[in-house]
Amino acid sequence: QVQLVESGGGLVQAGGSLKLSCVASGRTFSSYAMGWFRQAPGKEREFVATISWSGVGRYYAGSVKGRFTISRDNAKNTVYLQMDSLKSEGTAVYYCGAQVYGGNYYQTGTFGSWGQGTQVTVSS
């Protein structure tokens, strides 16, 4: 499996933008679909976006569709999450994971090798 390290979080005003990065170690990165999930205080971890191993398939939660863009660079072992038009409800710790188990792209249980997360705080 891969080891993942997220970065790019911070404090931003509502309506602003942030770009998160997730760097993977290991040679098998390009064989995994990769996902971004988030967890707000007192809430369960929820699906944000997933990208297929090739980068062709991209899937988004309804709450972020049209505002967030997931991408990957397999040569750099990196997956990105561009977040635009941020809203206060986007405040959470954002995690990237590798889809190491079979199942649906939006299911937390199909992902593993989670990174430590990066905090995103959106002020209103």
Side-chain angles (χ1 to χ4, degrees):
Q1 294 190 2
V2 296
Q3 293 183 330
L4 305 172
V5 178
E6 302 97 332
S7 63
L11 174 64
V12 63
Q13 288 188 335
S17 298
L18 280 175
K19 186 173 184 177
L20 307 183
S21 299
C22 173
V23 179
S25 61
R27 299 181 178 179
T28 58
F29 171 79
S30 61
S31 65
Y32 292 117
M34 297 295 295
W36 284 98
F37 290 71
R38 65 188 180 189
Q39 189 166 15
K43 295 188 176 181
E44 293 187 351
R45 192 169 298 188
E46 66 174 7
F47 165 71
V48 175
T50 294
I51 187 166
S52 65
W53 68 270
S54 66
V56 172
R58 306 185 190 197
Y59 312 95
Y60 299 93
S63 60
V64 306
K65 195 169 185 179
R67 299 187 296 116
F68 289 14
T69 303
I70 189 171
S71 61
R72 69 189 297 163
D73 185 338
N74 286 341
K76 296 182 178 180
N77 276 15
T78 303
V79 60
Y80 305 97
L81 185 68
Q82 176 68 44
M83 305 186 295
D84 298 318
S85 303
L86 279 160
K87 302 178 181 180
S88 57
E89 52 263 42
T91 294
V93 178
Y94 284 70
Y95 298 90
C96 71
Q99 193 174 23
V100 296
Y101 306 111
N104 292 312
Y105 63 85
Y106 53 84
Q107 291 179 312
T108 308
T110 69
F111 287 77
S113 299
W114 296 102
Q116 82 291 347
T118 186
Q119 176 71 48
V120 172
T121 302
V122 184
S123 63
S124 56

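Computed from a prediction, not measured in an experiment: that's the story for all the values here.
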On the six-membered ring of F29, is R72 placed so that its NZ or CZ lies under 6.0 angstrom from the centre and within 45° of the ring axis?
yes
Exercise: identify the closest heavy-atom pair between G90 and V122:
C-CG2, 4.3 Å
Rounded at 0.5 Å granularity, tell me how far OG1 in T118 sits from OH in Y95.
10.0 Å
Inter-residue atom distance Y105.OH - Y60.OH, 0.5 Å rounding:
11.5 Å
Looking at V93, T91, V48, which hits side-chain contact (heavy atoms from CB on, under 4.5 Å) with R38?
V48
With hydrophobic residues grouped by side-chain heavy-atom distances under 4.5 Å, do V12 and V64 end up in a single group?
yes
Hey, does T50 have a side-chain heavy atom less than 4.5 Å from the side chain of Y106?
no
Straight-line distance of D73 CG to Y80 OH, nearest 0.5 Å:
5.0 Å
For S88 versus S124, what's the shortest heavy-atom pair and its separation?
CB-CB, 4.3 Å
Scanning both residues in full, the closest heavy-atom pair of V120 with G9 reads CG2-CA, 4.1 Å
Give a yes or no on whether the backbone of S25 and the side-chain of N77 come within a donor-acceptor separation of less than 3.5 Å.
no
Is there a side-chain contact between L20 and M83, using heavy atoms and a 4.5 Å cut-off?
yes
Within this structure, what is the CD-CD distance for the pair Q119 and Q39, rounded to the nearest 0.5 Å?
11.0 Å
Looking at every heavy atom in both A49 and L81, which two are closest together, and how far apart are they?
CB-CD1, 4.3 Å
Around atom CD of E44, are there more than 12 heavy atoms from other residues, nucleotides or ligands closer than 6.0 Å?
no
Contact check, side chains of W36 and E6, non-hydrogen atoms, under 4.5 Å:
yes
W114 ring center near F37 ring center (under 6.0 Å):
yes
Say you draw a straight line from CD of Q99 to OG of S31; how long is it, rounded to the nearest 0.5 Å?
11.5 Å
Working to the nearest 0.5 angstrom, can you tell me the gap between S123 OG and L86 CG?
10.0 Å
Closer than 3.5 angstrom, by distance alone: can the side chain of S113 be matched with the main-chain N or O of V2 as a donor-acceptor pair?
yes
Count I, L, V, M, F, W, Y as connected when their side-chain heavy atoms are under 4.5 Å apart, and connections chain through other members. Are M34 and F68 then in the same cluster?
yes
Shortest non-hydrogen separation from A92 to A40 and the atoms involved:
CB-N, 3.8 Å
Within-4.5 Å side-chain heavy-atom neighbours: V79 and I70:
yes
In terms of heavy-atom contacts, does CD of Q3 have more than 12 from other residues, nucleotides or ligands at under 6.0 Å?
no
Would you say I51 and V100 are hydrophobically clustered, going by side-chain heavy atoms of ILVMFWY under 4.5 Å?
yes
